[in-house]
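Note that the structure is predicted; figures quoted are calculated from it, not measured.
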Amino acid sequence: MPGTRFPRHARLLLPREFDAVFQSGRRERGRFFVCVVAAGACARARIGFAVGKKHLPAAHDRNLVKRLARESFRARRERMPAVDLVLSPGREVSRGDRVLLRRDLDALFDRVIAGPIPVSASVRTPTPVGGEESPR
RNA sequence: GGCGUUGGUUAAACGGUCGCGGUGCGGGCCCGCAAGGGCACUGCAUCGAGGAAAGUCCGGGCUGCAUAGAGCAAGGUGCCAGAUAACAUCUGGGGGGCGAGAGUCCACGGACAGUGCAACAGAGAACAGUCCGCCAGCGGCUCGUCGCAAGGCGAGUGCGGGCAAGGGUGAAACGGUGCGGUAAGAGCGCACCGCGUCGGUGGCAACACGCGACGGCACGGCAAACCCCACCUGCAGCAAGGCUAAAUAGGGGGAGCAUGGCGCGGCUCGCGUCUUCCCCGGGUUGGCUGCUUGAGGCCGACGGUGACGUCGGUCCCAGAGGAAUGACCGUUCACGACAAAACCCGGCUUAUCGACUGACCCGGGCG
């Protein structure tokens, strides 16, 4: 599968990018995860992870979840609309094994692909954020 | 043979594809006259979590601040000797407990400096004490008996008296065993054991001794109770600390705007203020650095019982920053535990599926 890359600019890194998604996005819920979907500021889909210690106290469990999510996202980034996503684990996440978690992630991202493309509902967020594509 | 003891190594393996982070050599794009710089673009090569990375319990390095010396307070350590940068760690040794043994466990200085504490039980818990008990010589009292009587004898009482062996209580009760001794007893005497003091011998020392002399012989326990003694410790931590671009709001200084506008004023001077440029200093949000070559790993020689040290050779072995090791396919097996760096080391403690291996102990068989 060539072309299914996951470069750095496909990540949400700054707190204000997360805030923008949380303010304007809609929520897709899976069994183990919640995904906030908002209109993308870039041409391609981007994702950020909000994995706290609340539901996953052990460091290696948080790593595992992020890796599974990254892999699932990477496999279908090409097919995604230009959206920004924030993924969070839910309360049930510690009950799943890696197969179940991966299945849930795949289904969740497929729904993002099939679902409605979020319109940049208000004028406020996308425009200023869109201007930060220049390298710093 | 052992569900014996004690160390060490390892942490599924191999191939392919895709993906992520660092470094090196190229390519591309952007900024710049250039030197050069930047990039969350890209090709190739190469490297990329742990034995505990963990808990953050100790000890150091490093960094900033503080600091004449000494003392006090507070905290820590606590058999001896050594190792080490240092330690609460490690090594060797001593003592004590446990074990048949290999081994293993121990905050293991001081209770004649002082103040305290000891529940319950028990008579009694620290200049001892007598509940049951033992004794029957002596003083009482009662009864019986003998006697003319004084009184004798016997029994009882256990009031006075002697005793601390035995019973009983307790975590702990003021040496143990035996013999003598006695009314009964007791280090009361003796022997042996134990103990104390002084000396001797061995050992660097802790300490040891089937060594000698003296002493009948308690000097009890708790110091993870206060305390005393000896030794150690300045405080904070990589969000330490250093450097710095930019935007916005705004502070200080200087210059300019040909004799400028506005305010105070009747006018001039003057002062304040507005506007432009330059310089300086601080806060916010970022960036860079600190950031990995180190008390370093491996191999060998030598010294040492050992921890470890010295010398030589060789290797470079994560440096992220919302945080890199994963996914898929194939093959194999014992079907894979605990758990992931965040400035770096040395330890301790705790978690852990297994696999391999060294040394030693016990029992049995054969030679």
Nucleotide forming a Watson-Crick or wobble pair with [N], both distances under 3.5 Å:
N	result
B/rA54	B/rU349
B/rC141	B/rG156
B/rU310	B/rA301
B/rG250	none
B/rU91	B/rA81
B/rC25	B/rG43
B/rC174	none
B/rA337	none

Taking [atom1] from [X] and [atom2] from [N], how many angstroms apart are they, rounded to a whole number?
X	N	atom1	atom2	answer
A/His60	B/rU352	NE2	P	14 Å
A/Lys66	B/rA324	NZ	P	6 Å
A/Arg76	B/rA327	CZ	P	15 Å
A/Arg77	B/rG326	CZ	C1'	17 Å
A/Leu56	B/rA339	CG	P	13 Å
A/Ile47	B/rC20	CD1	C1'	15 Å
A/Arg103	B/rA327	CZ	C1'	16 Å
A/Leu105	B/rA327	CG	P	13 Å

Under 4.0 Å, heavy atoms only, any strand: does A/Ala10 hit a base, just the sugar-phosphate, or nothing?
nothing

Candidates [options] - which lies nearest the side chain of [X]:
X	options	value
A/Glu71	B/rG19, B/rU325, B/rG326	B/rG326
A/Asn63	B/rA49, B/rA339, B/rG322	B/rA49
A/Arg102	B/rG322, B/rU325, B/rA327	B/rA327
A/Arg98	B/rG322, B/rA341, B/rG326	B/rG326
A/Phe6	B/rA324, B/rG322, B/rC20	B/rC20

Report yes if some heavy atom in the side chain of A/Arg76 is under 4.5 Å from a heavy atom in the side chain of A/Val112; otherwise report no.
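In short, these two side chains do not touch, never coming nearer than 4.5 Å.
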
Would you say A/Val65 and A/Phe49 make side-chain contact, with heavy atoms under 4.5 Å?
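Answer no - side chains too far apart.
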
Tell me whether the side-chain N or O atoms of A/Arg74 pair up with the base of B/rC20 as donor and acceptor below 3.5 Å, since no angle test is needed here.
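Such a pair does not exist between side chain and base.
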
Just confirming the chi classification of [N], syn or anti, using 90° around 0 as the syn window.
N	answer
B/rG51	syn
B/rA49	syn
B/rC317	syn

For the [atom1] atoms, the ones on [N] and on [M], what distance do you get once it is rounded to whole angstrom?
N	M	atom1	result
B/rA186	B/rG166	P	8 Å
B/rG78	B/rG60	P	15 Å
B/rU130	B/rC143	C1'	31 Å
B/rG93	B/rA70	C1'	39 Å
B/rG71	B/rC87	C1'	27 Å
B/rC33	B/rG64	C1'	45 Å
B/rA81	B/rA206	C1'	8 Å
B/rG287	B/rG326	C1'	30 Å

Are more than 12 heavy atoms from other residues, nucleotides or ligands located less than 6.0 Å from atom CZ of A/Arg29?
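For A/Arg29, atom CZ is not crowded (no more than 12 foreign heavy atoms under 6.0 Å).
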
What residues, two or more places apart in sequence or in another chain, satisfy ring pair (Phe, Tyr, Trp, His ring centres under 6.0 Å) together with A/Phe6?
A/Phe73

Is the backbone of A/Val83 close enough, under 3.5 Å, to the side chain of A/Arg46 for a donor and an acceptor to pair up by distance?
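Flag not set: sc A/Arg46 to bb A/Val83 has no pair under 3.5 Å.
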
Tell me whether A/Arg79 contacts the main-chain N or O of A/Asp110 through its side chain, where contact means a donor paired with an acceptor under 3.5 Å.
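Checked: no pair found.
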
Short side-chain N/O contact from A/Arg70 to OP1 or OP2 of B/rU325, under 4.0 Å:
yes

Applying salt bridge (charged side-chain N to carboxylate O under 4.0 Å, His left out), name anything that partners A/Asp61, two or more places apart in sequence or on another chain.
none

Pairwise 5' ranking along RNA chain B for A/Val51 and A/Asp61, keeping only the more 5' one
A/Val51

Go through residues 87-95 of chain A and report each residue with a non-hydrogen atom lying under 4.0 Å from RNA chain B, sorted by number.
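None - not one residue of the stretch has a heavy atom sitting under 4.0 Å from the strand.
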
